[in-house]
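It should be emphasised that the depicted structure is a prediction, and the values quoted were computed from it without experimental measurement.
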Amino acid sequence: MDASVSTEWPEPIQRVQELAELGLKSLPPRYVRPLQVTASAATVSPVPVVDLSAFSSGDDNLRRKCMQTLSSACREWGLFQVVNHGVPRELLASTMAVSRDFFSLPMEEKLKYANDPVSYQGYGSRLGVQKDIKLDWGDYFFHYLHPVSTRKDYQKWPRHPENYQEVVTQYGDQVFDLCKQLLTVFSSSLGLPEETLADFFGGKENLGASFRINLYPKCPEPQMTLGLSPHSDPGAFTVVQQNGVSGLQVNKDGAWYSVAPVEDALVIILGDQMEIVTNGVYKSADHRASVNGERERMSLVVFINPEGEKMIGPIDEMVKMSGGSKIFDEMSYNEYRQFIRKLGVQGKSILESRASKQSGGGPASFQTSAS
């Protein structure tokens with residue numbers, strides 16, 4: 001446990017689902033954002049869709065085309081969608097169903113799993129321990145999937161619905177297998193040996209995987225708030241299943257674009273550690289979640305993270321490829337993720353603070369914390 005992270009939230013937690021069920025006509029002030037922050041997305045994005053079956057088809061031309069599509073998406077968007085990914089449609093549906101069933105439980109049952117800002121495992125409604133910050137219109141449930149260790153504490157998993165553990169374990173295993181495949185594809189797309197990225201993140205069996213259910217209830221004034229503030233994920237990459245309701249948005253060149261749900265597709269979002277190891281060749285995605293007044297939205301998220309104590313910095317081959325100087329300094333993932341636990345989500349400012357001193361460095365406050 002990091003003694004520098006508070007073990008308690010700075011103020012009483014308000015559950016957004018509970019607020020939504022009160023039938024409010026206007027938002028509580030803590031959720032209201034400036035209009036320039038909540039400005040709606042410009043358009044539905046042309047985020048690429050990658051058919052993963054191409055990589056095992058034996059068709060070299062098709063494989064090459066899909067690799068180019070994936071590489072372009074990672075360089076320009078930091079985000080793409082995958083189809084024919086190997087996770088059965090029935091498992092996608094059943095995992096979404098048991099996740100929704102948890103949020104249908106009485107509040108007193110959900111509160112048995114109330115989380116804290118140290119591990120985040122359990123039922124939560126905010127990120128960061130700064131007092132009086134603006135809040136997002138969303139609740140979540142978070143727990144670990146991998147590796148199988150004391151961190152994967154089934155006592156932190158919901159006991160109801162009764163099949164939650166069985167279904168989510170199966171889903172986690174399937175998605176984790178997909179992620180190991182994606183790591184080899186990412187390496188190949190960069191011109192590196194297939195195992196390079198997995199080894200650089202600490203080895204496939206030492207990768208961390210965690211699961212988060214996001215619930216965004218119907219909102220009385222959706223144009224005035226966000227379900228999740230703009231941020232880039234701190235880990236390697238993220239796999240998102242949407243429930244068919246639009247809300248995920250990605251920032252490209254200063255404009256926000258909606259990532260329209262594609263049936264049975266999974267969204268792959270590159271995280272900060274991917275941008276760091278590739279020395280900026282691949283980009284982590286600055287993304288957010290909007291809300292609406294007509295429909296509740298849910299998303300299921302699997303985060304893939306490096307082994308916690310491994311020092312992460314640019315790969316030498318990527319430094320040569322990107323001009324010969326390191327953009328980022330080394331830091332362990334455990335140390336890096338403490339920033340978001342203390343400060344909450346803040347666009348890509350935390351990643352920018354990792355800029356190498358050779359390239360000008362980042363804000364002094366972050367450099368000091370990282371030293």
Side-chain angles (χ1 to χ4, degrees), residues 13 15-18 20-21 85-127 136-180 207-218 227-228 233 235 238-245 247-248 261 263-267 269 289 295-305:
I13 298 295
R15 306 299 171 177
V16 175
Q17 186 180 14
E18 195 171 44
E21 290 171 354
H85 41 66
V87 183
R89 172 182 292 183
E90 296 77 12
L91 184 57
L92 296 174
S94 60
T95 309
M96 187 66 73
V98 296
S99 298
R100 186 63 191 82
D101 286 346
F102 169 78
F103 280 99
S104 297
L105 294 172
M107 182 57 66
E108 58 267 25
E109 179 67 22
K110 294 195 287 284
L111 287 176
K112 293 177 182 178
Y113 303 94
N115 71 348
D116 62 57
V118 177
S119 75
Y120 277 89
Q121 290 196 83
Y123 177 44
S125 299
R126 65 174 291 163
L127 295 170
D136 291 328
W137 190 259
D139 297 329
Y140 63 88
F141 199 100
F142 173 86
H143 58 71
Y144 293 104
L145 296 169
H146 193 272
V148 179
S149 66
T150 54
R151 294 184 68 194
K152 186 178 179 179
D153 182 359
Y154 283 120
Q155 295 301 312
K156 301 288 188 180
W157 292 41
R159 295 175 184 81
H160 300 286
E162 292 183 356
N163 61 337
Y164 179 93
Q165 180 175 318
E166 176 187 357
V167 172
V168 174
T169 296
Q170 185 180 358
Y171 181 77
D173 289 345
Q174 292 266 347
V175 173
F176 193 66
D177 286 343
L178 166 64
C179 292
K180 290 188 285 188
L207 291 170
S210 53
F211 181 67
R212 175 171 157 140
I213 311 165
N214 291 317
L215 177 75
Y216 305 109
K218 291 188 290 185
L228 189 57
D233 293 334
T238 303
V239 181
V240 179
Q241 181 190 164
Q242 304 192 75
N243 72 335
V245 179
L248 176 61
E263 186 175 7
D264 296 332
L266 295 170
V267 183
I269 302 174
R295 299 183 65 187
E296 173 186 275
R297 179 172 178 265
M298 280 189 64
S299 65
L300 308 183
V301 184
V302 175
F303 300 99
I304 299 298
N305 303 319

Next on the checklist: Is there a side chain to side chain contact (heavy atoms under 4.5 Å, CB included) between Thr95 and Gln174? Walk through the geometry before answering.
Outcome noted: CA-CA 12 Å; Thr95 309; Gln174 292 266 347; over 6 Å; no
Next on the checklist: Would you compute the distance between atom CZ of Arg212 and atom CG of Leu300 and round it to the nearest 0.5 angstrom?
Outcome noted: 12.0 Å
Item to check | Worked verdict on Val301 versus Ile269 for side chain to side chain contact (heavy atoms under 4.5 Å, CB included) | outcome: CA-CA 10 Å; Val301 184; Ile269 302 174; over 6 Å; no
Checklist entry - Sub-3.5 Å donor-acceptor pair from the side chain of Trp137 to the main-chain atoms of Pro217, do we have one? => result yes
Next on the checklist: List the residues meeting side-chain contact (heavy atoms from CB on, under 4.5 Å) with Lys180, not counting sequence neighbours, and say none if there are none.
Outcome noted: Phe176, Asp177, Lys204, Glu205
Item to check | Pair Val302-Leu266, side chain to side chain contact (heavy atoms under 4.5 Å, CB included): steps then yes or no | outcome: CA-CA 11 Å; Val302 175; Leu266 295 170; over 6 Å; no
Item to check | Donor-acceptor contact present, side-chain Ser94 to main-chain Leu91, <3.5 Å | outcome: yes
Item to check | Sidechain-backbone polar pair: His143 side chain, Tyr154 backbone, donor-acceptor under 3.5 Å | outcome: no
Item to check | Close side-chain approach of Val168 and Leu145, heavy atoms under 4.5 Å | outcome: yes
Item to check | Main-chain N/O of Val245 paired to Asn243 side chain as donor or acceptor, under 3.5 Å | outcome: yes
Next on the checklist: Could you report the tightest heavy-atom contact between Arg297 and Ala289, atom names first, then the distance?
Outcome noted: NH1-CB, 4.0 Å
Could you pull out every donor-acceptor pair under 3.5 Å between side chains of residues 101-117 and any protein atom, sequence neighbours left out?
unit_1	atom_1	unit_2	atom_2	d
Ser104	OG	Arg100	O	3.2
Ser104	OG	Arg100	NH1	3.1
Glu109	OE1	Lys112	NZ	2.9
Lys110	NZ	Phe103	O	3.4
Lys110	NZ	Leu105	O	2.5
Tyr113	OH	Arg159	N	3.0
Tyr113	OH	Arg159	NH1	3.3
Asn115	ND2	Tyr120	O	3.1
Asn115	ND2	Tyr140	OH	3.0
Asp116	OD1	Val118	N	2.8
Asp116	OD1	Ser119	N	3.2

Item to check | Candidate list Trp157, Phe141, Tyr171, Phe303, test side-chain contact (heavy atoms from CB on, under 4.5 Å), partner Phe211, passing option | outcome: Tyr171
Checklist entry - Can you tell me how far the CD atom of Gln121 sits from the CD atom of Gln155, to the nearest 0.5 Å? => result 11.0 Å
Item to check | Test item: Ser299 and Leu248 side chains (from C-beta on) under 4.5 Å apart, heavy atoms | outcome: no
Checklist entry - Once you round to the nearest 0.5 Å, how far does NE2 of His146 lie from CG of Asn305? => result 12.5 Å
Item to check | Exam field: side chain Asp139 to backbone Val16, donor-acceptor pair closer than 3.5 Å | outcome: yes
Checklist entry - What are the two closest non-hydrogen atoms of Arg15 and Ile13, and how far apart are they? => result CZ-CG2, 3.5 Å
Checklist entry - Atom CD of Glu296 and atom OH of Tyr216: how far apart are they, to the nearest 0.5 Å? => result 12.0 Å
Checklist outcome for this item: Output for pair (Asp136 CG, Ser125 OG), nearest 0.5 Å, gives 10.5 Å
